[in-house]
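Please read the structure below before turning to the comments.
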Amino acid sequence: MIKKDILLSPGPTQVPEEVLLEASRPLIHHRTPEFSNIFMDTIDGLKYVFQTGEDVYLLASSGTGAMEAAVVNLLCPGDRVLTINGGKFGARWAKICRAYGVEAQEIEVPWGDVYPKEELEQELKGNPDLKAVFSTLCETATGAVFDIQGYGEVVCRTGAVLVVDGISGIGATACPMDDWNVDVLISGSQKSFMTPPGLAYIAFSSRAQEWIERSTLPRFYFDVRAARKALDSRTSPWTPAISLIRQQKKALDRIRDFTLGRLIEHHRILGEATRAGIRALGLELLAKHPGNILTAVVFPEGIDGFAFIRAMQDKYRAYIAGSQEPYKGRFFRIAHLGYMSGYDILTALSAVEMALSDFGFENPSGKAVAAAEIILKEHWK
Ligand SMILES: *Cc1c(COP(=O)(O)O)cnc(C)c1O
């Protein structure tokens with residue numbers, strides 16, 4: 001049989017053809033009015049998706065670069081901060097902080113769980129010297145969505161700043177930066193932004209902008225003071241990733257036409273359909289508060305998780321993601337993120353059914369697809 005690959009991972013995600021083609025256009029020079037217009041339009045589009053009046057800075061890096069930029073632009077050596085760790089990505093905050101001599105007090109949340117804002121409030125009361133709270137919007141390792149709105153309410157009443165990794169969440173789940181009192185918001189091109197990997201985004205509230213001046217951590221390439229200064233001349237301090245920015249602009253034009261509200265609703269529907277399909281198979285979801293980004297599914301008893309994912313990828317060409325350390329082989333993740341349609345979800349569930357049947361699971365054929373179709377059809381207008 002002719003086989004087609006289908007990308008179902010939570011980054012990189014599928015990219016519209018017109019965005020892919022944008023990369024093949026001849027390069028233009030970046031110190032020109034033509035590029036400046038593209039650059040400023042891209043920033044406008046990012047501000048729309050971040051729901052902020054503040055500038056959004058573009059970094060030529062993957063998302064982690066913007067995480068590092070948040071740390072080095074806000075803090076001083078020896079500062080104490082709180083990091084919320086509900087999975088592999090939440091864990092990264094403390095690692096970056098410690099690499100720079102920042103004292104991270106880590107809240108370890110069991111995978112799939114979230115951290116209630118009431119507990120955060122208590123923690124901040126007991127530790128008035130904490131300078132910042134680092135959280136994740138959607139923990140991509142588990143699919144759990146954290147209560148950023150609640151954290152914003154709590155943190156804005158203290159002297160600390162709230163920093164949110166929205167790399168997978170922004171564009172797929174609500175997180176209006178200004179309304180929710182998020183001080184620093186981060187994202188990247190390769191998740192819901194429908195663009196290949198390689199660009200990271202970061203915005204600072206007016207409160208956080210004052211911190212940028214006070215920070216004494218070493219920084220150069222990711223010094224956002226350079227980005228802010230260059231922005232006055234409608235440009236970036238270093239050579240920008242010209243083609244990627246053109247691609248991101250194209251994708252943002254599309255997102256703006258579609259509207260952010262509809263994009264979030266679209267992701268919600270795909271998530272609901274995926275969960276309905278998985279439940280129809282009698283399988284267990286990992287996250288207690290699963291969101292719009294991905295569905296993590298616990299392997300049923302007796303299935304070898306590694307072999308299952310290999311079969312999904314090699315035989316069915318469906319690139320779902322596995323689970324990461326220390327839960328490797330325990331669950332799999334189907335992303336419903338970025339440029340996907342209802343058919344992509346049906347294909348994903350169909351591949352899961354066929355692979356389950358290969359692994360001796362009784363009678364899976366059609367069950368998940370049928371349940372998902374009901375949800376999708378309801379919204380298919
Ligand atoms: C993908 C992702 C990252 C890491 O981004 P890179 O682009 O691989 O550096 C960080 N946090 C979350 C929540 C993510 O989903």
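Both ligands and their constituent atoms are indexed starting at 1 by order of listing.
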Name of the residue among Phe204, Trp211, Phe134 meeting side-chain contact (heavy atoms from CB on, under 4.5 Å) with Val161: Trp211

Heavy-atom gap Cys138 to ligand 1 smaller than 4.0 Å: yes

Atom 2 (C) of ligand 1 - nearest protein heavy atom and its distance: Lys191 NZ, 2.6 Å

Side-chain ion pair, Arg25 and Glu22, N-O less than 4.0 Å: yes

Which residue and heavy atom of the protein sit nearest atom 15 (O) of ligand 1, plus the separation: Thr140 OG1, 2.4 Å

Sub-4.0 Å heavy-atom contact, Glu139 with ligand 1: no

Atom 7 (O) of ligand 1 [closest protein heavy-atom partner, distance rounded to 0.1 Å]: Gln190 NE2, 2.7 Å

Numbered atoms and elements of ligand 1 in range of Ser168, under 4.0 angstrom, heavy atoms: 13 (C), 15 (O)

Residue and atom name of the nearest protein heavy atom (relative to atom 12 (C) of ligand 1), distance in Å to one decimal: Asp165 OD2, 3.3 Å

Part of Leu137 with heavy atoms under 4.0 Å of ligand 1, whether side chain, backbone, both or neither: neither

Thr136: numbered ligand 1 atoms lying under 4.0 Å from its heavy atoms: 13 (C)

Proximal ligand 1 atoms for Gly63, defined as those under 4.0 Å from one of its heavy atoms: 5 (O), 6 (P), 7 (O), 9 (O)

Proximal ligand 1 atoms for Thr64, defined as those under 4.0 Å from one of its heavy atoms: 4 (C), 5 (O), 6 (P), 9 (O)

Ring centres under 6.0 angstrom apart (Trp238, Phe222): no

Member of Ile84, Val81, Val164 meeting the side-chain contact (heavy atoms from CB on, under 4.5 Å) criterion with Val133: Ile84

Atom 4 (C) of ligand 1 - nearest protein heavy atom and its distance: Arg92 NH1, 3.4 Å

Proximity winner for atom 6 (P) of ligand 1, if only heavy atoms of Ser62, Pro10, Ala335 are counted: Ser62

Ion pair check, Asp147 and Lys117, cut-off under 4.0 Å: no

Proximity of Phe299 and Phe331 rings by center, below 6.0 Å: no

Over-ring placement of Arg92 relative to Phe89, 6.0 Å and 45° cut-offs: no

Validation row, ring centre Phe146 to ring centre Tyr115 under 6.0 Å: no

Lys47 with Glu54: basic N within carboxylate O range, under 4.0 Å: no

